[in-house]
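Taking it in order: structure first as structure tokens, then the write-up.
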Amino acid sequence: MQKLTPYDQLFGVFSKLGELSITLKEAIIEQSKVMSLDKNQKVLSEGEKSDRIYFIVSGAVRVFYLNKEGIETNTWFLFENELVISVYSFFTSQPGFEYIETLEDSVFIVLRKDKLDWLYERFVEFNIIGRRLTELYYIRNEAQANSLRMFSAKQRYEQLIQNQPQLLNRISLSHISSYLGISRETLSRIRKK
């Protein structure tokens with residue numbers, strides 16, 4: 001069986017959302033680059049401006065911020081075939097407030113904002129894919145925010161197991177407890193029941 005190239009993976013995800021002409025595929029390849037980072041490398045730090053969007057070919061990343069006391073709160077974990085972006089910084093050209101860090105050795109396809117805008121201007125079909133991706137991530141973000149507001153710690157953990165079981169094999173319990181908005185001790189008690 002032939003191994004997929006990074007771009008085969010990217011186009012596989014995009015083709016589920018809309019038409020991808022050969023010309024568009026060639027333009028995406030031409031305008032982007034493949035990049036590798038080792039585990040525990042910062043993709044972005046608080047206060048930096050982000051003008052790049054990253055498609056994860058392999059590996060895992062987390063998005064987190066630090067509160068005034070320096071305590072980390074994880075807000076996203078992303079894996080293969082997902083996009084990672086500092087939304088606020090990317091779309092406003094202002095410094096971001098979060099960190100993006102690799103949790104595993106990772107390979108990305110990277111596209112700068114000016115190149116993304118160029119693709120949107122020249123390929124109407126790419127606007128459809130972009131809109132559908134934005135909708136998917138917006139819905140996911142809203143579901144996560146609602147979970148934190150509306151559900152108990154136990155319910156949030158049960159949802160995590162049901163919706164994102166791979167987290168338990170690839171993410172540390174301290175990161176998971178932060179993501180769920182609970183202490184590590186509370187998570188341990190929930191897991192024992």
Side-chain angles (χ1 to χ4, degrees), residues 6-7 9-21 23-37 41-68 72-103 106-149 163-164 175 178-179 181:
Y7 286 101
Q9 283 182 239
L10 177 71
F11 298 150
V13 171
F14 285 179
S15 66
K16 294 175 185 171
L17 302 168
E19 283 292 318
L20 277 172
S21 67
T23 310
L24 173 56
K25 288 180 181 180
E26 290 170 348
I28 291 170
I29 292 168
E30 184 179 301
Q31 299 301 318
S32 64
K33 67 177 185 177
V34 177
M35 176 182 92
S36 298
L37 286 176
Q41 297 293 303
K42 295 283 190 297
V43 177
L44 182 75
S45 293
E46 178 184 21
E48 293 179 348
K49 290 183 183 177
S50 175
D51 68 345
R52 289 170 171 76
I53 188 167
Y54 302 84
F55 175 81
I56 305 170
V57 176
S58 63
V61 301
R62 71 179 177 129
V63 180
F64 68 98
Y65 66 89
L66 299 175
N67 69 12
K68 291 176 185 170
E72 293 179 3
T73 299
N74 292 293
T75 56
W76 285 86
F77 297 110
L78 298 142
F79 303 93
E80 291 83 7
N81 298 322
E82 295 186 301
L83 295 166
V84 63
I85 182 175
S86 173
V87 174
Y88 177 81
S89 183
F90 186 80
F91 290 110
T92 66
S93 299
Q94 298 296 312
F97 54 85
E98 72 258 294
Y99 294 82
I100 301 173
E101 178 183 67
T102 58
L103 293 172
S106 300
V107 176
F108 305 96
I109 295 174
V110 185
L111 185 64
R112 288 191 352 229
K113 186 172 187 321
D114 60 330
K115 304 292 187 181
L116 177 66
D117 291 339
W118 183 88
L119 289 166
Y120 282 152
E121 288 172 15
R122 283 161 183 77
F123 298 93
V124 174
E125 67 269 30
F126 197 53
N127 286 275
I128 295 167
I129 292 168
R131 187 193 82 229
R132 289 178 178 158
L133 280 167
T134 302
E135 290 169 356
L136 288 172
Y137 281 90
Y138 187 82
I139 290 166
R140 184 172 164 183
N141 189 52
E142 185 76 7
Q144 180 184 345
N146 285 338
S147 175
L148 287 170
R149 286 190 290 255
N163 299 329
Q164 296 176 287
H175 285 327
S178 167
Y179 177 71

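Below, each value reflects all heavy atoms present in this structure, side chains not excepted, and no hydrogens, waters or symmetry copies.
Glu98 has its side chain out of reach of Tyr88: every pair of non-hydrogen atoms, C-beta onward, lies at least 4.5 Å apart. Contact annotation: the side chain of Glu72 approaches that of His175 to within less than 4.5 Å [non-hydrogen atoms, C-beta and beyond]. Using a 4.5 Å heavy-atom threshold, the side chains of Asn141 and Trp76 count as touching. The shortest distance between side-chain heavy atoms of Phe55 and Ile28 does not fall below 4.5 Å. Side chains of Glu101 and Phe64 form a contact here, defined as non-hydrogen atoms less than 4.5 Å apart. A 4.5 Å side-chain heavy-atom check between Ile100 and Val84 finds at least one atom pair inside the cut-off. Using a 4.5 Å heavy-atom threshold, the side chains of Trp118 and Gln31 count as touching. Residues Val13 and Leu83 have side chains not in contact (no heavy-atom distance under 4.5 Å, counting atoms from C-beta outward).
A donor-acceptor contact shorter than 3.5 Å links the side chain of Ser178 to the backbone of Asn74. With hydrogens and angles ignored, the 3.5 Å screen pairs a side-chain donor or acceptor of Thr75 with a backbone N or O of Val63. With hydrogens and angles ignored, the 3.5 Å screen pairs no side-chain donor or acceptor of Glu125 with any backbone N or O of Glu19. Here the side chain of Ser89 pairs a donor or acceptor atom with the backbone of Ser50 at under 3.5 angstrom. In terms of modelled atom types and a separation under 3.5 Å, the side chain of Glu46 and the main chain of Gly96 share no donor-acceptor contact. Side-chain atoms of Gln9 never come within 3.5 Å of backbone atoms of Pro6 as a donor-acceptor pair (strictly under, hydrogens ignored).
One distance of note links OG of Ser32 with CZ of Phe108; it measures 14.0 Å at 0.5 Å rounding. To the nearest 0.5 Å, atoms CZ (Arg62) and OH (Tyr99) are separated by 10.5 Å. Rounding to the nearest 0.5 Å places CZ of Arg52 at 10.0 Å from CZ of Phe90. Between Asp51 atom CG and Leu111 atom CG the span is 10.0 Å, to the nearest 0.5 Å. Note that CZ of Phe91 and CD1 of Ile53 are 6.5 Å apart. Values are rounded to the nearest 0.5 Å. How far CG of Leu37 is from OG1 of Thr102: 6.0 Å, rounded to the nearest 0.5 Å.
Taking every heavy atom of both residues into account, Ala60 and Ser106 meet most closely at N-OG, 3.4 Å. Summarising the geometry of Tyr65 relative to Phe97, their closest heavy-atom pair is CB-O, 3.7 Å, with the distance given to 0.1 Å. Considering all non-hydrogen atoms of both residues, Phe77 and Gln164 come closest at O-NE2, 4.4 Å. When every heavy atom of Pro95 is checked against every heavy atom of Gly47, the shortest pair comes out as CB-O, 3.3 Å.
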Inset, instruction - Could you walk me through whether Glu82 and Arg140 pass the side-chain contact (heavy atoms from CB on, under 4.5 Å) test, one step at a time? - result: CA-CA 12 Å; Glu82 295 186 301; Arg140 184 172 164 183; 2.5 Å; yes
Legend entry - side-chain contact (heavy atoms from CB on, under 4.5 Å) assessment of Leu17 paired with Leu136: CA-CA 10 Å; Leu17 302 168; Leu136 288 172; 3.9 Å; yes
Inset, instruction - Applying side-chain contact (heavy atoms from CB on, under 4.5 Å), run through Tyr137 and Ile85 and close with a yes or a no. - result: CA-CA 11 Å; Tyr137 281 90; Ile85 182 175; over 6 Å; no
Legend entry - Chi angles and distances behind the side-chain contact (heavy atoms from CB on, under 4.5 Å) call for Ile29, Phe11: CA-CA 10 Å; Ile29 292 168; Phe11 298 150; 3.9 Å; yes
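Applying the 6.0 Å contact sphere to OH of Tyr138 captures no more than 12 heavy atoms from other residues, nucleotides or ligands.
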